[in-house]
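First listed ligand is number 1; within each ligand, the first listed atom is number 1.
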Amino acid sequence: MDLIIKNGKVVTASKTYRADVGIRGGKVVAIGKNLRSKKGAQVIDARGKYVIPGAIDPHVHCDLPFCGTVSANFFEETASAATGGITTVIDFAIQTKGKSLKEAIRSRKKIADPQVAIDYSLHVGITDWKNKRTQKELPEVIKGGIPSFKMFMIYRGQGWMSDDADLYEALGLARRYGGRIGVHAENVYVTETLTAKYLKEKKFATYNHALTRPNFTEGEAIQRAITLAEAADGSLYIVHMSTKEGLEAVRAGKKKGIDVYAETCPQYLFLTDDLFKKKNGHWYATCPPIRKRADCRALWEGLEEGTIPNMGTDTCTFNTKQKSLYRGVFARIPFGMPGLETFLPMMYTAVMKRGWRVNDLVAVTSTNSAKIFGLYPKKGTIAIGSDADIVVFDPKKRVTISPKRLQSTCDWNPYTGQKLVGYPMVTISRGKVIAKNGKFIGERGRGRFVPRKAYGHI
Ligand code: URP
Ligand code: ZN
Ligand code: ZN
């Protein structure tokens with residue numbers, strides 16, 4: 001063995017037990033008591049620590065040209081992710097209208113491959129369904145290891161929007177090959193009309209970001225997508241769900257037996273829209289917007305009852321200089337926030353207060369995403385033969401979040417000042433220690449693209 005993690009408490013989504021974990025060639029090769037190894041093997045003493053599967057973030061946007069600027073790059077973001085205990089991310093290869101899905105994948109890989117510090121995969125963003133080439137390519141893309149897609153019910157101006165017929169057809173076709181359609185669900189007609197009206201009335205302040213995207217615009221769009229999934233017998237995934245109305249629609253859809261999954265993100269559990277009225281409120285603008293306390297409460301319930309089985313961060317990092325491009329007008333804010341590095345420790349601190357078992361945290365931050373997105377059991381668990389993507393987590397470590405102390409290069413953080421109890425001590429990616437005590441010590445470009453299996457389900 002090249003590396004042994006000794007004396008820790010191994011936690012998977014279903015079990016907790018004391019054992020050493022032995023790693024060779026990037027894989028877990030032994031789990032047991034008193035593992036011994038040849039001289040020269042690295043040993044990590046995990047006494048008093050949890051040994052958990054690395055977190056998986058199925059929703060990130062690195063190097064994304066968006067809202068007139070470009071989000072933080074793959075290296076900065078994956079190094080920051082690793083430091084916070086994330087070992088796999090899934091980014092988006094978004095099709096350019098008139099061009100092919102495969103071309104989107106090729107050009108995304110070209111940007112990601114030399115930079116990524118951890119393993120990654122891609123969803124394909126479909127923006128041109130009516131293009132016959134798109135429909136021909138979809139089964140080939142699934143067979144090639146990308147069985148998940150994102151379609152946007154908004155972002156008409158960005159050239160990304162799909163209409164309901166596109167969505168209906170894509171749900172039906174993807175299903176035949178074991179693929180799943182993710183949707184960004186907001187009602188485009190209402191959000192665009194309200195935005196135009198507010199701008200005309202010279203209501204420019206940041207809080208209008210929330211007023212022009214009221215809860216029902218997400219709830220209605222989620223309901224519509226579920227109706228289309230039912231009609232098409234498709235498999236649907238709601239990305240970044242933010243409202244209690246959306247949750248109710250998903251809950252009802254699941255009860256009817258419709259194949260619908262929904263993720264939520266930390267910002268919808270921890271932040272509320274009163275931030276938009278404060279100094280630098282525009283930093284917190286993302287789509288869909290952060291909501292009210294009642295929505296946060298409902299989403300926590302959704303997680304705890306299993307209606308929401310997993311989480312992503314929807315990280316799309318813009319620094320304060322980029323955010324200032326809004327020049328006082330809410331509709332011009334680069335939408336998105338940093339979230340990778342704080343995901344696991346923020347969730348740990350919160351769920352301990354709520355009385356969760358660590359197993360449930362592992363399920364929501366790692367195992368369930370691995371299962372839904374066809375990465376399991378290569379990723380998302382600690383088992384013989386699995387990739388050694390492991391976090392040694394110190395449940396006692398106290399950290400106060402501050403952008404200066406984070407690995408992230410972003411000069412602000414939405415959770416600044418939050419006091420955490422519990423933080424990753426060591427992050428291991430395919431058998432190599434890549435982050436230690438809040439510092440990234442891995443290599444640029446060591447991460448690999450991971451092809452995924454179709455028909456992923458929990
Ligand atoms: O505001 C956001 N969420 N930016 C990233 C793009 C998206 O819609 O996920
Ligand atoms: Zn989105
Ligand atoms: Zn997103």
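Taking the six-membered ring for Trp and the full ring otherwise, Phe92 and His59 have centroids separated by under 6.0 Å. A ring-centre distance under 6.0 Å is found for Tyr155 and Phe66.
Of all protein heavy atoms, the one lying nearest to atom 3 (N) of ligand 1 is Asp314 OD2, 2.7 Å. Looking only at protein heavy atoms, the nearest one to atom 1 (O) of ligand 1 is Cys287 N, 2.8 Å.
Put simply, His184 gets within reach of the Zn ion (ligand 2), with an N, O or S atom under 2.8 Å from it. In summary, Lys150 places an N/O/S atom under 2.8 Å from the Zn ion (ligand 2), meeting the contact criterion. Backbone or side-chain N, O or S atoms of His61 reach the Zn ion (ligand 3) at under 2.8 Å.
Test Lys244, Glu245, Met241 against Glu218 for side-chain contact (heavy atoms from CB on, under 4.5 Å) and you get one pass: Met241.
For the pair Ser366 and Pro53, the tightest heavy-atom approach, listed with the atom from each and the gap, is OG-CB, 3.7 Å.
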Verdict with reasoning, Arg430 to Asp387, per salt bridge (charged side-chain N to carboxylate O under 4.0 Å, His left out): CA-CA 5 Å; Arg430 272 184 291 101; Asp387 282 358; 5.0 Å; no
In sequence, state the C-alpha distance, the side-chain angles, and the governing distance for Arg175 and Asp259, and then conclude on salt bridge (charged side-chain N to carboxylate O under 4.0 Å, His left out). CA-CA 10 Å; Arg175 172 55 163 249; Asp259 183 357; 2.9 Å; yes
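Remark: ligand 1 and Trp160 share no N or O pair separated by less than 3.5 Å (distance only, no angle test). No N or O atom of Cys316 sits closer than 3.5 Å to an N or O atom of ligand 1.
Rounded to the nearest 10 degrees, the angle NE2 (His59) to the Zn ion (ligand 3) to OD1 (Asp314) equals 90°.
Distances shorter than 4.0 angstrom occur between a heavy atom of Phe66 and an atom of ligand 1. Contact annotation: His240 has at least one heavy atom less than 4.0 Å from an atom of ligand 1.
The environment of Lys436 atom NZ is sparse: at most 12 non-hydrogen atoms of other residues, nucleotides or ligands sit within 6.0 angstrom.
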